[in-house]
Structure formats: C-alpha cells, structure tokens
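Structure, as structure tokens:
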Amino acid sequence: MNAFRKNVIQPILDCWSLLVGLKITGKYFCKPLITVHYPREVIDSENLSTYGGHVELIGKPKDPAMPKCISCMMCVTNCPSNCLTLVKQKAPKPTPEQEQEWAAAAERGEKVVKPKAPKNPAKFTYDYTLCSLCGTCIENCPANSLQFSNNIYWVATSRKEMNIDLLARLKEQATELSAPAPKIEAKPAVAEKEA
Amino acid sequence: MELMAKVAFCVYTLVILGGSIFAVSSSSLVRALVGLITTLVGVSGMYLLLATPFMAFMQLLIYVGAVSVLIFFAIMLTRAEAGGDEGNSAPMRTYVLGLAATMAPAGILGWLVLTKPVESIAVPVEISIKELGAGLLGTYFLPFELISVILMVAMAGAVLLTWEKRGKK
Amino acid sequence: MSAYQNLEQMKGDFYTQKFEAGKQDGTLIINMGPQHPSTHGVLRIVIEVDGEYIVRSEPVLGYLHRMHEKMGETQTWGGFIPNMGRVDYGHPMAWNWAYVGAVEKLMGIEVPERAEYLRVIMTELNRLTSHLLWWGAYILDLGAFTPIMYAFDDREMLLDILQRPSASRLTYSNFRVGGVQMDLDDKCLELIRTFIPHFRERLPMYHDLVTENLILRRRIEGVGIIDEDMCQRYGCTGPVLRGAGVAYDVRKDEPYSIYDRFDFEIPTQDSACSAGRYHVRVAEMEQSLRIIEQALEQLPSAEGKHIMDKAPKPSMKPPAGEAYFAVEGGRGKIGVYVVSDGSKVPYRVKLRAPGFSNMNAFAEAAKGTILADAVAILGSLDLIIPELDR
Amino acid sequence: MLQLLEGIPTQCVAKQDKVSTGRAWSVFLAPAQIVKTARKLYEAEYSLEDVFALDIEEGFLVLYHFNRWNVDERVVLRVLISKDNPTIPSIASIFDGAEWHERETRDFHGVNFEGNPNLVPLLMCVEDVDFHPLLKTDKKRKQIKDLLNLGEVVSCNKEIEALFAEAEAEVASDA
Amino acid sequence: MAAQGSVVQKEMLTAGAHYMDPPIVNIQLAQDLLDVCRSMSLWPMTFGLACCAIEMMATGMARFDMARFGAEVFRPSPRQADVMIVAGTVTKKMAPAVVRLYEQMPGPKWVISMGNCAISGGPFKIKDNYNVIEGVDTLIPVDVYVPGCPPRPEGLLEGFFQLQRLITGKRWWPVAAEVKG
Amino acid sequence: MSALTLYQIVALMLLCAGLFGLTQRRSLVGMLISVELMLNGAGLSLVAAAQLTEFSATLGQLGTLFVMGLAAAEATLVLAIIVVVAKRFGSAQTSDITTLKE
Amino acid sequence: MFGIPMILINLVIAAVAAMIWLALNALVLVYCERKFAGHIQRRPGPFEVGPHGALQPLIDGLKLMSKQLLTPDNADGFLFWLAPILSMIPVMLLFMPIPYGPVLTGMEVNLGLLLILAFSSFNGLAVILAGWGSNNKWGVLGAARAVAQTVAYEIPLLLTVLSISFMTGTLNLSEITAQQAGFIWDWNIWKQPLAFLIFIVAMFGETNRAPFDLAEAESELTAGFHTEYSSMGFGLFFMAEYGYMVAMCSICSVLFLGGFYGPFPGIEGWWWMLVKTYALLFLMIWARWTFPRVRFDQLLNLNWKWLLPLATFNLLATALIMKL
C-alpha cells in the first residue's frame, strides 16, 4: 500500500506543481513589462552616471580645455595594464636672444632662471582596449585630474579608434560645452563588406 | 479516369522500380533503406489504385513507421560505416550466379503470368472497412490471433536476445 | 621528461585518443565543448557514452587559462587587484577579499571598521548575484527558459546597487589593501534596504515556480552523488560540501574579518545529490539577506571614519614572508597564498579556486549516469570557468 | 598534530603564527615520506586544499595545504626537491583531488609526480608540454631564507636549520 | 618562453569560407532588401568565453531585451548563426576552436568582438604573456569592436546597431540620449 | 494484357530485385532489406489478385495485413539477432560469421 | 475540361492551399510564440522590426533563404538534403483531411484519421535521416532520441484516437466533427476526458516540444538532429515542426473540441476551428516557457508506465461501454 501511494498517488498529486508553475508564468504574463527600450529611452542618468566608462581628463574649472594634470606620472606608473602614455612637456626651446641673455647672465655670475617646463602634459594617450577600469589611476592622481567618463555607449569598427588622445577629447568636450552644437553623427561611412 | 489510372500506374511502377534498384544496388545501407522506403511508398500507391486505401495507409503505418525505423536501428547498432559496408563490388562469379538464381524463378513465374492469365475484372472491388473488421473478428479470427501471438513472442524474444545487464556502475 | 614520452606520438587531442585506445564495444566518444551551451563557457568534457549512459568522462581544462598566477609575479602588489575581479566573475568580491586579506596579513594592517562592514555588505550582495546567476543558468540548463529572466530581474537591481561603490557591473575590483575604494552613499544604502524585503517576497515565487516543480525534482533528486568522503578526497567545499551534510563554512569555522558578529545559519542537506546542492544554495540566499540586514544595522556612521586612511600605496613593499587567507566564496573556500620577498612585486601568488576542486569530483559523480544527468551535475557544481583555469 | 606525525621521520615541525600566516603548523618532509603522511592526514579527516610549488634557489619547494572541517587547523607540508631531478611521489592515490593539482604544478613548474595516473598537461596546450611559465629567471630567484621563516620550531633537523640559519641570524641582528 | 602568436596561420583562417559565392541573380534592389533582412535578424551564436558572456546574457534578459531587434534567437550550433559574439578572452588553447567555429558558420557572417580581452587581450596583455591571444582579429576578421571590461549591455546593443549599419549603410534607430554626469 | 497481369509483373519485379539483393548483399541488414522487398512484392500480388478477380476481396486484404504483421515480427527478431551477432562477432558481415566452416 | 479530371484539380488546389496555410501558420505562430514568451518574461519580444515586430518572422525567413547552403564535409549529401524535404511534405499532407469548416476540407477521405497517423510516422524517419546524414555525433544521438520518442508516443496517441473512433464508429474526420454538433456538452472531451489528457501529453511528445524536446535539447545535444543544418535546411525543419504542431492541435480540436462547431448551435464556422487550435497552441507555448525539460528515461517511463496503460484502459473501457 505504501509503495502504491509512493509510486502512483504521489506523482499524480505532484502534477499540481505543474499547474502552479503555469499559474505563476501566467501571472507574470499579465504584469507590465520592465524592459528599457534602449535607444529610445535610457536608464535614468543618476544610475548610469555611477557607472565608469573609460578614463578621461578633467579640465580646470576656469579653462575647461586645459587639464588639471600636472604630469606627475603617478597614474602611468601605477596602472596595472599599462594603458596610459604620458609625455611631459619639454621646457620651451630658448630663442637665440634668450640664450645670449643667459650666457651673458652666466658670465656675469648671476643665477640663470631658466623657464620651467609647463606642467600640463604634451601628450596623453589612453588605450581603452587594455584598460581594466580598476580606477587605480583615478585614486592615485594627486591633482584629481582623472575621472571615469560617461561615454558608455561607444563602439568602434577598428582597433585604432579606441586609442584615445585624452587631450584632444578634453578640447572637444570643452568646445561642446561652450557651444552645444547639435550632435551629428560624424562617424565615417564604412566601405561595404562585400568589397 | 481510365487514363489517370494508367498514368498513376506508370508513375508508381517507376517509383517501385527505381526504389528497388536503389535498395539493391547502393553501397550505403542507409541509402538502401531510403530505396526501400521509396518502394514502400510506391507499393502503397498501388494499393490506392487497387481501391484499398486501408491497405495503403496500413502499409505506410507499419512499414514506414515501424519496420524502416527498426532496420535503421539495426544499421546504427551494427555501426555500419556510411559508405563502407557494401563498398567493394562483389566478385564476378557471385554476380553471375546471383543473376542466374534470380532469373530462373523470374522466368518461370513470368512465363506463367503471361501465358496463363487468370480471368480478371477491370475495376477493383471496393469493400468497406466494416466488412474488413467483420472478417477479422469473424471468419479469420484464428489467424488474426495467431499473428498477434507471433508478434508478442517475437517481441519477447527480441528483448530476451538483446537483454544485457547494465552492471558495472 | 620521462612522464611525457608517449606524448610525442600523441599529436593534437590526446584525451580522445586515450579513450579510443581503451575503447569497448558499442560505446561512442563525444566531446562536450569547448563550445557547448551547458558548460557555461569553454570547458570541454570528453565523454564516453554507451547509448545514453556515461561510461567515463574526463574534463579538459585550460581553454580559459589566463595566467593569473604568472601575472601575480609580474604586477605590483596593488596592481594585481583588478585580476581578482576577473578570476571569478560570479563572485569577484570574495576573491578581492581573499587577496587583499592575505596581503593585509602579510603587512599586519588592520582595516577600518566601516570598511570591514562595507566589505561584508558588498560581498554578501555579490553572493546573491552569484547565486542568482547560478540559479537562472542551472534552470536554463535543465531546459526552462523563463526562470533565468526572473533571476536576472533581481540581479539587475543588485547590479545597480553594487555599481555605485565600484563603478562596474561585473568585474568588481574595488577592494584595496587596507580598505575599500569607495564608500556606500545614502542612496545606495536606501536601495539595499528596499531590495531586501523585495527579494524576500520574490523567493517564495522561485520556490513555487521551480523548486516545487515535479519535473525539476525528478531531474535533480538523487543525481550526481558527491558524499562526504568524496568531498574529503577531492577537497570539495562550499555548497557541494554542505549539500553532503557537512556544516563547514569558512565564515563560521574560521571566522575572518567581522563575521563572528553576525547571527546566521549554515544550511546543510544530507542527500549529497544535485538537489541537496540546489537547496543549500537557495537557502544561502536567505542567510545572506540576514547578514546584510545585521550589517546595515551595525554599520558605523561615515563621519570621522575613513575607509582608506590606513591603506598603503599600490606600489607597497610588504615584508618578506608568506600568508594564506581563506574566505567563503559563492562556490566554496577561496584561498590565496602569497609569498613576498620584500620587493614591489609578489614572489608567488597561488590561487586556490573552489571550482577547481569541485569540478574534479565531476568525473566520479557522473559515472554511470545518463547524458542529461551530466548536465544536471555540471550545473549543480556551479562552475565558473575562468576560476577553474585561472 | 604532533601525535599524528609520530612514526614519520619529519625534517622539521614548526608552529606558525595564525594571525600573520593563516596556518597552524608547518612540516618539512623528505620526498619519500609524503605519501605516508598524506595517508595519516586522510585518516585524521584532513582534506586537501591545494598543491603547488615554489621556485627557489635550493630547488623546488612543493607545498601541500591541508585543513580539517571540524577543527580549524591548517597544516602545510613542505617538500624540498632538487632542480636536477624534480621528482616527487604522487598522493593522488589517497586524495583523488591531488591529481589535478599535481598536473597543474607540472604545467607551471615542471615538477614530476611519480604515480600520478594521468600526468598530461592540464591547463597548457599540448604544444607547450615542456614550457613552464612560472619558472623564475636566475636574477629574480631568491633563497628560501629570504622568503619564509620557520616559526616556532618544535623539532628540526640539521639540514633545514642550515637552510634558515642566516635568516635567523639576520632576524636576530635586526632585533 | 613559448612563442606567442596565433596557433594557426592567419592566411589559412581568413581565406576560404569568409565570403559568400557571388549570387546567381545579382539585382541591386534585391541585394539591398536582403541586406536589410539580414541586418534585422542577426542570430548570434551562444559563444560565451568569459566574463563578457554574462553581460551578453544580461543583454538578452528582460531589462535590455535584445529580442526587440530580432537577435533573440541564440543558436547553439554555428551552422544556424549569423553573428559570432566573441565575448571574452581567447586563449592559445581555444584559438583553433574559435577559428573552426567561425569557419563552420555559413556566409554571410559577421563577428562582434566584445570586451577588451577579445579586442586586444585587454588586461592580460602583459610582457610575459604566454597564453592569451592579443586580439581576436589576429585570428578572424572582426567587424565591430565593443570596448569595455565588460561593456554594458547597451554597449553590445550599440554594437549590433553598428553592425546593422555596416550591412545596410544606415543606422536604423535613434541615437540614445547622453548620460548627464 | 489485363490489369492483373500488369500488377503481377510489378510484383514479380519486386521479387526479382529482392532475390538478387539477397544473393549480392554481404551484410545481414542488407539482406533484411531485400527480404522486405520480396515481402512487399508478395503483398502486392495478393491484394491485386484478390481485388481484380471474383475471389473474396476480404481475404486478400486481410492476408496482406497478416503478411505485414509477420514482416514486423520478423524485422523485430532479425534486428535482435543482428544486434547479438554484431556484438558477438564485431560485425554484421556474412563473411565474418562463417566460423562453422573453418 | 481538357481531359483533366476534377479530382486532380481539387487535389492540386488542396495541396497548394495546405502549403500556404502551413507557411502562414508557421509565420504567425513563430511571432506569437516569441511575443508570448517575451511577455511571460516581462519583455516585449520582437518589437522594432515592423509594427510591434510583426515583420520579424517574415524577415527571419527571408534571411534564412538567403544564407549560404552548407553541406558538411563528411556528410552524405543525398540523405542530408533529403531529410528536410521528407519532413516537410508529409506535414502538408496531414492538413488534407482536416475539416476546417463545413466545406473547407482539403480532401474528403474516409480513412482520414488513418491517413494522418500514417503520414505522421514519416517525421521520425526524416529526423533519423537528418541525424545520420549529417554525420555528426550530436546529430546521431538526437536522431536516436527523437525516434525512440516519436515511436513510443505514437502508441498512446493511436490508442486514444482509436477510442474516439470506437465511440464515433468512423475514421472520417468530417463525420466525427458532425457528431459533435450541438451544444458544448456534446463535444467528445466530456465523453473522453482521459483520452483528451493523454492526447495532449502525447501531442507534446510527438511534436518534440518542450518539456519533451529531447531531440534538440540544446543544453545537452547542442542542437540535436539539426546541428549541421544551415539556411533553408534548418528553415524547413523549423517550419515542419510548427506545421506539425498546428496539425496536431487541429486534429485535437476536431477529435475532442467539436471542430468548427461553436459552443451552441447556429454559430459554426471556420473561426471556431482557428480559435480552438490556437488555444491549444498557446497551451503548448505556455508549457514550453514554464517547465524544465524532462530526462530521457523519464520521458520513456512516462510513456510506457503511465500513458500506455491508461490509454489501453481507456480503450477497453470505451469498448465495454459501447458494447453495453
């Protein structure tokens, strides 16, 4: 009798669970959808702004096109994936007059005050494809010149595109800020695949 | 209608002929099976022409649905290679002997059929499925039961033959 | 090398060749993977089947070997942390913690209390995402398409929460030696507080839809026995071990950080089968919720307590020595062993992945079952392939 | 632990500081003793955590971590083998899980485990059979005394003491 | 040190099955129409390699729902897939399999390289790299790169839009509003 | 030529094909296929004869039905035998199973 | 009329109509399934291609047609391409004897039910050929599973159909429909509830639909028997599967749910048939997106240990009641 109950009655009773399953999916069928229709609408900016896109430079508050960066190389040395390249600016090449002046000053025994190299970097490139978005560079920047960007919908059709010149990007952003032009798709049309 | 029947007969004959030749001659067993199935379909068409649709559908149901699948399983279980099993052609001697063995009964039977035709009618008799059922359970009850017993025994035998304990776990 | 002499003749796929060499009659050798929907990535399993029954099987690893241990010897101490987010994408916080904890042991750093609480909260939230991911994927493997969608609905809420302190959605690497990268803001805490009751409401639905389902119960009950002895021999930990009836949890038995301050249970099941592991994981989700609730209550206020004030620079130089630190990850005991020679770069980093040991028991558990059971067993082990291959 | 090791000729048994290393005991063994010890540990309900090697100047230091479920007492077995003949008996017959760990060690360092049932590459490609990625360059390789310390020694034989001799002295001088 | 570099020669990989035979009847209009059809029903192959695979799954889930663009039909068999999303790190051991799967796909076929690992080896491109292929485009021709570690699901959707644009020469959907930080 | 004759010729063709196949095939499965061909021929012949003469049509159809049943039974058994033979000898080729001869 | 008999013209028209009907239904059904699944999962499903994604199935079909046809290297090309065609044609024939309305019957066949059973057995054969022809281990495994499954589930299906024909005394589908005219309680479902249940379960098994989709279980067998099929080969299998579903559900509604008759007299018409068929189809879709897949041995156990005895019992009981 016990075996009968276990092997015959119980399975039939268990079939009820199938109906329960159908009921649940049926219930969800009637509920409103939760999809964000992406290109037409996006998840709220408040949420998205906490997500880190690639790294970018922050401009000075007064001069948005000029980075706060002081070329201290902290980010480059600490980056685990070696995706940042920074070239410091060299001191401006002295003009002949200046050289003469300095030479004269040296002769006079005065202390020569050579102009120091400007602090902002000459070249600051960033290979996004190598980055692991760990944020070490941002933490270690003494000038707070780096941040995660909000450029999170970005795709490319070649590897080179993803090697970003951060200075140029900052300039572009600065001009955009000053004159908010309508965003035009400026990506070049790509040749047909069948070619 | 007469013309239609003739056309249909020719078509079915071609299907049967093609199928059976394919079944006998192809080197791959699966292809031979496809040939057999073609023949079966052709024969069932013939049954339709003979006004026995019941037979036609039973032919499809039993042969295509059951026997062919069984044969397919036989092919799979004996791991016949796709092309290799009948790959190399038979020696000439077997070929000739086989042909002779085939031709002898064919000649005799053909001669009989052609020279001593039985009186026949042109339009096939149609009987309803009810009559068939009545026959099955009335006049031919014994053979019917015998067939079912044979099927039963065959199945039991097959299971017994291939029974194997799934031991070493 | 003597042990490899016969490898010379074995060109290419030596696993299949090995199987074919000792092949019995009537069996078929099939390759599951490296690209196969139910191996969750690029695991490959060579299976010898007799009909539908598995005669023997041999997992082949290494399709996602990403040289983490090699990188441990080339990156700086701080620079290795991003790797920890990628070893196990299911539960990266636990790996972060294991590595960071080992280095902290080595350097003798004490972590600020708020940082400890933040670590607990984030790790447990992450454990929820890990279990939800497993739950959905497991049911998907067993052939039901809808539950994973519901699981991911909840998971997306969790990801939104975790995205705030880590700026990332999946490969979190926000633990730092001596603290955590970013603090949880008020909005985030509020989100967590609303999430907990929401998830408590959802759990019964999961049970009704899946756990109670007749078909699912028949699929997983009594399938893939990994009992206590097997766990000991193979070194299985985590839900696999708890599913075999041993109440072992690193959080309880070897309490690290502040886990001894929380009141939670270790769910166990005695059946040692896939169903046991399934129930353990589902029950663990509730326990995680409990821990998070308690941690939120006890969380010290942010004022005056900095989470990173004792943290050394990424280019730190720990003193020479060795340290082993074990934490409880979503899949079992995660152990990180580090050796320092006093330089900027670790001398050796050894990652003890729980999935590696759990997977090891697969071949024995799957023997004699049928092909569909292999999928059920594989899923119940909750594999994350990068963790296996490292 | 000490009872457990009775009858096994250990090279060195030392207590370790749990807070800073995470382990309770450290045991140095000769390669020949490892199987016997593993069996004892298995009988005492220890389970295997991992097996791996450390590339040091003296040779390869193969480490085995064991832990128990009911008692938190992690044990590390250390076996020092020479570079010329990096061979060590396999414990895969006792702890089946060791098979993969040993194969992994073989992949990374080229340590051969005698008696492993299936010593083929686990993680590496077949082409990379004789390439061992974790071998250090001579410049980077360090001596054992620069890396590890013995801890609170219970018993120790001469060889091991000699290995750590200078380090102890250094520590003493530092203090 | 083992030689880094692809296991199989590049010439061997790209020649052959990449492009379709020329159509029998070549009418521009029909081709354009077919291109639109192809771009609107890109069936991806279930081919998750590593972390990015989870984000790929998330893209198919209810919140982002790739199915809206007809890309829901994840085919397990390469024979029925149109686009291969290489989501994750390709290792030396895996490389032959990737190439083989690519060659098994019927033309026309496309490849989306998702995530930094697949694009260039990402964080695993180190000096002593011995096992990670530095960019799947050294193995098979890649059409669209979706950077990120891992990219957001929106990123993958953008990758699909870009692929549709490659096929038809037109972006079909509006540009999403930018995130205000 | 009457319709019946035509049908009989077709049936004869099936018989010939089956016979020829039986002699030529060297695997048991192939032989089984040939036997099925012959059985079909027999069935066709039976039905045609019953339908196109004054003879009882019921008997003809039922007889063929019985033939089909027999064919199914025969196929089952032969399949079992073939499987056993294949397991025993490792092949289902007739040339491999001639151990008695040697 | 030029000597071409009427019956041939009828046949051709019926065949063409069946083909169009099949293709149309497959398209609509694919769309419905994807939408339905989407809404169960709280997402819209196809949405952007055409209004609410209505063009999606059509575009998928066109794309499939324009893909490259690949024949695997080691495959037997003849068998490989025969299989999809062989799976497609019988499905079309299945629609012939089904009465979709008072005059909407493709071909009046007295033995309609027998014809359907006969031609539905071709499906298993096509699957087997596909699996074997593609010379792929997954394909062979999937084919073996599919055949064991379809052969097994055909038996309870046959037995339930037989019990209906016992009751109605005919194998003609039009007659069976005609006998159910009248009110809703005249439908066969009330007379044969057990048979209805068995038929529904066996229907899932016969059409290889989840939770019984063992032949193409993608988490176990990659894609099962059609692993190697690309382009239209796959498309044909896909269409055949959906066509088969529609045919089975139509037959079920004819046998049990009164065919084209409404719940009370005077409102019969083809739309009732459509409504009933699609209700059953939605049940199938609903089940597919809710349940996990059963295991292979459980599937066969269910058949041999439950469905078969129950169906036999049902048949015997029907016979007994009819006799009394």
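Every chain is numbered from 1 and lettered A, B, ... according to where its sequence line falls, protein lines coming before strand lines.
In this structure, F/T58 contributes its side chain and B/G135 its backbone to no donor-acceptor pair below 3.5 Å. Looking at B/T52, its side chain does come within 3.5 Å of a backbone N or O of B/Y47 through a donor-acceptor pair.
No other option in B/Q59, B/M58, B/M152 has as many heavy-atom pairs under 4.5 Å with chain F as B/Q59. Between chain B and the residues F/L62, F/L19, F/L79, the most heavy-atom pairs under 4.5 angstrom are made by F/L62. The choice from F/V78, F/L59, F/L22 that makes the most heavy-atom pairs within less than 4.5 Å of chain B is F/L59. The candidate from F/T76, F/T53, F/L52 with the greatest count of non-hydrogen atom pairs under 4.5 Å with chain B is F/L52.
Contacts of B/T39 with chain F are made by side-chain atoms alone, with heavy-atom separations under 4.5 Å and no backbone atom involved. Using a 4.5 Å cut-off between heavy atoms, F/M68 touches chain B through backbone and side chain atoms alike. Both the backbone and the side chain of B/A23 come within contact range of chain F, judged by heavy atoms closer than 4.5 Å. With a threshold of 4.5 angstrom between heavy atoms, B/L136 approaches chain F through its backbone and through its side chain. Both the backbone and the side chain of F/I33 come within contact range of chain B, each with at least one heavy atom under 4.5 Å from a heavy atom of that chain. For chain F, no part of B/L97 is nearby; none of its heavy atoms comes within less than 4.5 Å. Residue B/S25 touches chain F through its backbone alone, counting heavy-atom pairs closer than 4.5 Å. With a threshold of 4.5 angstrom between heavy atoms, B/I62 approaches chain F through side-chain atoms but not through N, CA, C or O. Using a 4.5 Å cut-off between heavy atoms, F/L37 contacts chain B through both its backbone and its side chain. Both the backbone and the side chain of F/L44 have a heavy atom closer than 4.5 Å to some heavy atom of chain B. Contact of B/Y12 with chain F is not made at all, since no heavy-atom distance falls under 4.5 Å.
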Open item on the list: With side chain to side chain contact (heavy atoms under 4.5 Å, CB included) as the criterion, how do B/L49 and F/Y7 come out once you've worked through the C-alpha distance, each side chain's angles and the decisive distance to 0.1 Å?
Closed with: CA-CA 10 Å; B/L49 268 187; F/Y7 282 108; 3.5 Å; yes
- Query: Going through the distances and angles, do B/L17 and F/M13 end up as a side chain to side chain contact (heavy atoms under 4.5 Å, CB included)?
  - Reply: CA-CA 7 Å; B/L17 202 62; F/M13 278 181 341; 3.3 Å; yes
Item checked: Audit row: B/F54, B/L132, side chain to side chain contact (heavy atoms under 4.5 Å, CB included) steps and yes/no -> CA-CA 9 Å; B/F54 179 70; B/L132 273 183; 3.4 Å; yes
| task | Decide yes or no on side chain to side chain contact (heavy atoms under 4.5 Å, CB included) for B/V67 and F/E74, but give the supporting numbers first. | result | CA-CA 9 Å; B/V67 176; F/E74 166 246 332; over 6 Å; no
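Between B/I150 and F/A73 the shortest heavy-atom distance is CG2-CB, 4.1 Å. When every heavy atom of B/I37 is checked against every heavy atom of B/S68, the shortest pair comes out as CG1-OG, 3.7 Å. The heavy-atom pair separating B/A56 from B/L48 by the smallest distance is CB-CG, 3.9 Å.
For F/Q8 and F/S45, the side-chain atoms include at least one donor-acceptor pair closer than 3.5 Å.
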